[in-house]
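When a residue number appears, it is its place in the shown sequence, counting from 1. Note that these values count all heavy atoms, side chains included, but never hydrogens, waters or copies made by symmetry.
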Amino acid sequence: MDTRYLHTFVCVVERGSIAEAARHLDLTPTSVAQRLKALEDDVGSRLIVRAGRTVKPTVAGLRILERAQGVLREVRDLRSAASETELPAGPLRIGATPTALTGIFPPMLKRWVARHPHVEIYIEPASTTLLYSRVLAGELDAAVLVHPRFDLPKTCEWRDLREEPLILLTPETMTVQDPLLTIAREPFIRYDRNVVAGKLADDYLTEHGLRPKVRFELDGIESIAKLVSEGLGVSVLPDWPVVGQPSSAVKRWALPAPFPSRTVGAMWLRASVRSPLVQAFLHMAEPD
């Protein structure tokens, strides 16, 4: 059995469309359909059926999906372990939150390309919640994310990369003498309370007896910063990293202590074949 056909089958199921799978795999839809047909002929059952403009797995397809994903992981581990170099073979599949991807990754990737140009890295941007689950499932080798507000499983390794205290973000033209008074008076853009830093910010405001005039609530630090820069309100956010010069359209203000902070770091499975590759990548975060 050609594992490329298994990969194609899994990709079609995950993306719900032959066309989307073809774009992801850089194949033509005809080639994807031919691979599916070859796999169905091999196993002796139909695996995919059309449902309007999308496709879905048959009963047989659902039964083999998890096994197919497991086979693909085992084959990938085998190829990594067969490396004759000091490090396991890639590619390294690593996830990152949007702010980590734009603020932490660029210098790390630049050092990586200079030192390990032949090891490919696949990067998946996603939320902390999704990245956490994908690392545990073995679908990602590692992820740079916000540490959850609970202990990680003992099967996981963790390394701190950055501590990000909460700050008040305002338009650049606004002068702040009392951050708490500013939060109480100005229209407020709330960071989604379903994410770690959003909950930390909400708890901080509650502890100080503040009930801000909420104008919007959304996830996405850089999206909130854009709204603040347009004069639509102020916000309490983690002091996230910025590559290059910070925007002159917004200004950061320290909050009265004690203020909470979120920890951004890397998480990976301790027993992973590519664990040494993950640690080599994280070494790129250290100053030369």
Side-chain angles (χ1 to χ4, degrees), residues 95-108 125-132 143-150 158 160-266 285 287:
T97 60
T99 52
L101 185 58
T102 58
I104 296 176
F105 267 41
M108 294 177 68
S127 66
T128 284
T129 302
L130 181 56
L131 294 174
Y132 176 83
V144 175
L145 69 170
V146 178
H147 196 296
R149 301 183 78 182
F150 51 80
W158 174 270
D160 290 351
L161 292 176
R162 180 179 167 90
E163 198 73 16
E164 298 179 351
L166 294 187
I167 50 95
L168 170 64
L169 192 73
T170 71
E172 191 274 336
T173 55
M174 184 176 294
T175 299
V176 174
Q177 294 182 345
D178 184 335
L180 299 183
L181 185 59
T182 299
I183 294 169
R185 288 180 174 177
E186 297 292 330
F188 191 74
I189 304 172
R190 193 196 302 272
Y191 192 17
D192 187 355
R193 289 167 289 181
N194 291 314
V195 300
V196 172
K199 185 65 169 63
L200 290 174
D202 190 59
D203 290 346
Y204 178 83
L205 298 181
T206 300
E207 290 169 4
H208 285 81
L210 292 173
R211 298 183 64 184
K213 304 169 184 175
V214 177
R215 177 171 280 174
F216 311 111
E217 179 171 353
L218 68 155
D219 191 5
I221 292 177
E222 292 180 341
S223 298
I224 294 175
K226 176 62 176 174
L227 297 180
V228 171
S229 72
E230 296 291 338
L232 292 171
V234 302
S235 188
V236 173
L237 298 170
D239 192 7
W240 77 104
V242 177
V243 174
Q245 292 296 322
S247 171
S248 61
V250 294
K251 193 169 183 179
R252 292 162 159 84
W253 305 86
L255 292 170
F259 44 79
S261 63
R262 72 176 188 178
T263 302
V264 176

Sub-4.5 Å side-chain heavy-atom contact between Ile221 and Pro238: yes

With a 4.0 Å cut-off on N to O distance, would you call Lys226 and Glu230 a salt bridge? yes

Residue pair Leu218 / Leu227, side-chain heavy-atom distance below 4.5 Å: yes

Using a cut-off of 6.0 Å, state whether more than 12 heavy atoms not belonging to Arg149 lie near its atom CZ. yes

Listed by chain and number, what are the side-chain contact (heavy atoms from CB on, under 4.5 Å) partners of Ile167, not counting sequence neighbours? Leu169, Asp239, Arg252

Cut-off 3.5 Å, no hydrogens considered: what does the side-chain donor-acceptor table look like for residues 198-206, sequence neighbours left out?
{"unit_1": "Lys199", "atom_1": "NZ", "unit_2": "Asp203", "atom_2": "OD1", "d": "2.8"}
{"unit_1": "Lys199", "atom_1": "NZ", "unit_2": "Asp203", "atom_2": "OD2", "d": "3.2"}
{"unit_1": "Asp202", "atom_1": "OD1", "unit_2": "Arg190", "atom_2": "NH1", "d": "3.0"}
{"unit_1": "Tyr204", "atom_1": "OH", "unit_2": "Pro256", "atom_2": "O", "d": "2.7"}
{"unit_1": "Thr206", "atom_1": "OG1", "unit_2": "Asp202", "atom_2": "O", "d": "2.9"}

Smallest separation among heavy atoms of Gly231 and Pro171, with atom names: CA-CG, 4.0 Å

Result for side chain to side chain contact (heavy atoms under 4.5 Å, CB included) between Met174 and one of Leu168, Val250, Thr182 points to Thr182

Interatomic distance, Leu180 atom CG to Leu255 atom CG [nearest 0.5 angstrom]: 7.0 Å

Kindly give the heavy-atom pair with the smallest separation between Val228 and Ser235, and that separation in Å. CG2-CB, 4.2 Å

Inter-residue atom distance Ser261.OG - Arg162.CZ, 0.5 Å rounding: 11.0 Å

Test side-chain contact (heavy atoms from CB on, under 4.5 Å) applied to Asp219 and Asn194, step by step: CA-CA 9 Å; Asp219 191 5; Asn194 291 314; over 6 Å; no

What pair of heavy atoms forms the shortest contact from Leu101 to Pro125, and how long is it? CD2-CB, 3.8 Å

Under the 3.5 angstrom rule, does the side chain of Glu164 hit a backbone N or O of Val146 as a donor-acceptor pair? no

Validation row: Pro98, Glu222 side chains within 4.5 angstrom (heavy atoms): no

Pairwise distance CD1(Ile224) to CH2(Trp240) - rounded to 0.5 angstrom: 9.0 Å

Quick check against the 3.5 Å criterion: does Lys213 have a side-chain atom that pairs as donor or acceptor with the backbone of Arg185? yes

Over all atoms of both residues, closest heavy-atom pair of Ala100 and Ala96: CB-CB, 4.4 Å

Side-chain donor or acceptor of Thr170 paired with backbone N/O of Val234 under 3.5 Å: no

Rounded at 0.5 Å granularity, tell me how far CD1 in Ile183 sits from CG in Leu210. 6.0 Å

Least distance between heavy atoms, Pro165 atom then Phe259 atom: CB-CE1, 3.5 Å

Tell me which one of Ile104, Thr128, Val196, Asp160 satisfies side chain to side chain contact (heavy atoms under 4.5 Å, CB included) with Val264. Ile104

Thr263 and Glu163 side chains, donor-acceptor separation under 3.5 Å: yes

My understanding is that only residues two or more places apart in sequence, or in another chain, count here; which of them pass ring-ring contact (aromatic ring centres under 6.0 Å, His included) with Phe188? none

